[in-house]
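Below is one structure; the comments refer to it alone.
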Amino acid sequence: MLLNFAMRLAAVLLLSASLIWPSLAGTSPDTRVASNSISSAASSAISSDVLVEERLVALSSELRCLVCQNESLASSRAPLAEDLRREVREQIRAGNSDAQIIDYLTARYGDFVTYRPPWRGRTLLLWLGPFCLLILALGMFMYGISRKRQQQIPADLSSPDRVSDRLSDREALDRLQREFAEKNHE
């Protein structure tokens, strides 16, 4: 029973982590690949300004590629991602802050472009959904445990139903013993 409990708890935690991870992590899992991609692109890129490229890498790891599935802007090799990186680089050079750049991209492409969607009514389910699922799963788990415990408790032997069951069992046993005795005498 303890092993079963541990397995269910692990399954609930894994499910919750997989649901929470994209919204809380804020970066794609292949950040190292992204850094390599950006650094190789940076070496052959137009700009040689190190600060601009560092900001571009930091910003690109928080932005989502619009074409690729769950890939950051930094790690994507899609032509649209290259265009977006170029646009972000130009805005950095223009002196815009990170928040201004993200606001610009969000206004242009929607909340999908960021890994951390803003806290709004439309994204409320996205932020609170994993926690609601976790609470629901824990509630169902606790309900299952309490129900299983109730099934394991032996029935009250002094209840009237149980006494009548024992009497009918006793009567049936007596009848069988009489039939057996009659057949043995024959």
Side-chain angles (χ1 to χ4, degrees), residues 1-37 58 60-78 80-81 102 105-106 109-186:
M1 183 167 160
L2 184 61
L3 180 63
N4 192 12
F5 171 76
M7 290 176 58
R8 286 184 179 184
L9 183 62
V12 168
L13 290 176
L14 284 175
L15 175 66
S16 300
S18 68
L19 293 174
I20 293 171
W21 181 260
S23 63
L24 294 182
T27 59
S28 70
D30 52 359
T31 306
R32 188 173 2 150
V33 174
S35 297
N36 291 339
S37 173
S60 297
S61 63
E62 293 190 19
L63 297 172
R64 184 188 315 258
C65 177
L66 299 173
V67 177
C68 305
Q69 290 289 325
N70 202 19
E71 196 169 353
S72 73
L73 186 63
S75 62
S76 176
R77 296 180 189 266
L80 180 61
I102 289 175
L105 291 174
T106 303
Y109 299 108
D111 291 336
F112 179 77
V113 77
T114 61
Y115 274 112
R116 294 183 204 167
W119 185 262
R120 295 182 189 156
R122 288 183 303 169
T123 60
L124 198 61
L125 183 64
L126 185 64
W127 283 102
L128 298 179
F131 297 111
C132 292
L133 285 176
L134 178 65
I135 290 170
L136 180 68
L138 287 176
M140 290 175 61
F141 180 71
M142 297 304 289
Y143 175 74
I145 286 177
S146 68
R147 189 168 176 193
K148 200 167 207 170
R149 282 186 181 169
Q150 287 177 353
Q151 290 176 351
Q152 291 177 350
I153 295 174
D156 187 14
L157 297 177
S158 64
S159 69
D161 294 335
R162 187 68 185 155
V163 172
S164 66
D165 286 346
R166 282 193 289 166
L167 286 177
S168 65
D169 290 343
R170 184 69 185 167
E171 290 172 1
L173 181 63
D174 288 342
R175 188 172 11 120
L176 285 175
Q177 285 177 344
R178 275 182 280 173
E179 288 177 10
F180 182 73
E182 290 173 5
K183 286 188 179 183
N184 280 341
H185 286 296
E186 290 178 1

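Worth saying up front: this structure is predicted, and the values here are computed from it rather than measured. All residue numbers refer to positions in the sequence shown, counting from 1.
- Between Glu71 and Tyr115, the shortest heavy-atom distance links the atoms C-OH, 3.1 Å.
- Asp111 CG to Leu105 CG: the interatomic distance, rounded to the nearest 0.5 Å, is 12.0 Å.
- Side chain of Trp127 to backbone of Pro117: a donor-acceptor contact under 3.5 angstrom is found.
- Here the shortest heavy-atom pairing between Thr114 and Leu63 reads CG2-CD2, 4.1 Å.
- The minimum heavy-atom distance linking Pro130 with Leu125 is given by the pair CD-O, 4.2 Å.
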- side-chain contact (heavy atoms from CB on, under 4.5 Å) evaluation trace for Glu171 with Arg175: CA-CA 6 Å; Glu171 290 172 1; Arg175 188 172 11 120; 6.0 Å; no

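- Between Glu62 and Arg116, the closest heavy-atom pair is OE2-NH2, 4.3 Å.
- The distance from the CH2 atom of Trp119 to the OG1 atom of Thr123 is 7.5 Å, given to the nearest 0.5 Å.
- Smallest separation of non-hydrogen atoms from Ser72 and Ser61: CB-O, 4.1 Å.
- Distance check: Leu173 CG to Arg178 CZ gives 10.0 Å after rounding to the nearest 0.5 Å.
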